[in-house]
Amino acid sequence: MSIVSDEETRSGTPRIDGTRITVPDVKRRVIDGGEDPHVVAGEYDISMSELFSALAYYYDHRDQFAEQEQAYARDRRAGEQRVQERMFR
């Protein structure tokens, strides 16, 4: 059980080896969404050990994930602004 990353799967986002489940997938549900880890692990069909490995990886690399989330938010806002400008010309 480990966290892996390659550009061929999920655009290189760190994920649980042997799955397409990314660290941010687990983080969003358990940390952001407050879902029960047992339920999330069951729905993803992963072990609790794999789920907690993903969360440990997130905490070990929290600054990198925060930077990525901020970049995605900036890109999303810029895209929304472009749509608004085109709609209301």
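The first residue of the sequence shown is numbered 1, and numbering continues consecutively from there.
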Joining Ile, Leu, Val, Met, Phe, Trp and Tyr whenever any side-chain heavy atoms lie under 4.5 Å apart, the cluster holding Met87 also takes in Val83, Phe88

Closest non-hydrogen contact found for Pro37 with Leu51 is O-CD1, 3.6 Å

Correct closest heavy-atom pair for Pro24 and Pro14 would be CD-O, 4.0 Å

- prompt: Mind checking whether Val39 and Val30 sit in one hydrophobic cluster, side chains of I, L, V, M, F, W, Y counted as touching below 4.5 Å?
  reply: no

Across all chains, not counting sequence neighbours, the ring-ring contact (aromatic ring centres under 6.0 Å, His included) partners of Tyr44 are none

Applying side-chain hydrogen bond (donor to acceptor under 3.5 Å, both in side chains) to Thr19 and not counting sequence neighbours gives none

Tell me whether Val4 is reachable from Tyr57 by hopping between hydrophobic residues (I, L, V, M, F, W, Y) whose side-chain heavy atoms are closer than 4.5 Å.
no

Do any N or O atoms from the side chain of Arg15 and from the backbone of Arg20 form a donor-acceptor pair under 3.5 angstrom?
no

Worksheet item: Below 4.5 Å, heavy atoms only, C-beta onward: do Arg10 and Asp25 meet side chain to side chain?
Response: yes

In short, salt bridge (charged side-chain N to carboxylate O under 4.0 Å, His left out) pairs touching residues 60-70 with sequence neighbours left out are Lys27-Glu69

Quick note, salt bridge (charged side-chain N to carboxylate O under 4.0 Å, His left out) partners involving residues 37-47, not counting sequence neighbours, are Arg29-Glu43

Between Arg28 and Asp32, the two heavy atoms sitting closest are O-CB, 3.2 Å

Looking only at heavy atoms, the pair that brings Ala41 and Met48 closest together is CB-SD, 3.7 Å

Phe65 side chain near Val23 side chain, heavy-atom distance below 4.5 Å | yes

- Kindly indicate whether the side chain of Ile3, heavy atoms from C-beta on, has any atom under 4.5 Å from the side chain of Asp17. no

| query | Do Ile21 and Tyr59 belong together in a cluster built from hydrophobic side chains that touch within less than 4.5 Å? | reply | yes

The complete set of salt bridge (charged side-chain N to carboxylate O under 4.0 Å, His left out) pairs with one or both residues in residues 73-86, sequence neighbours excluded, reads none

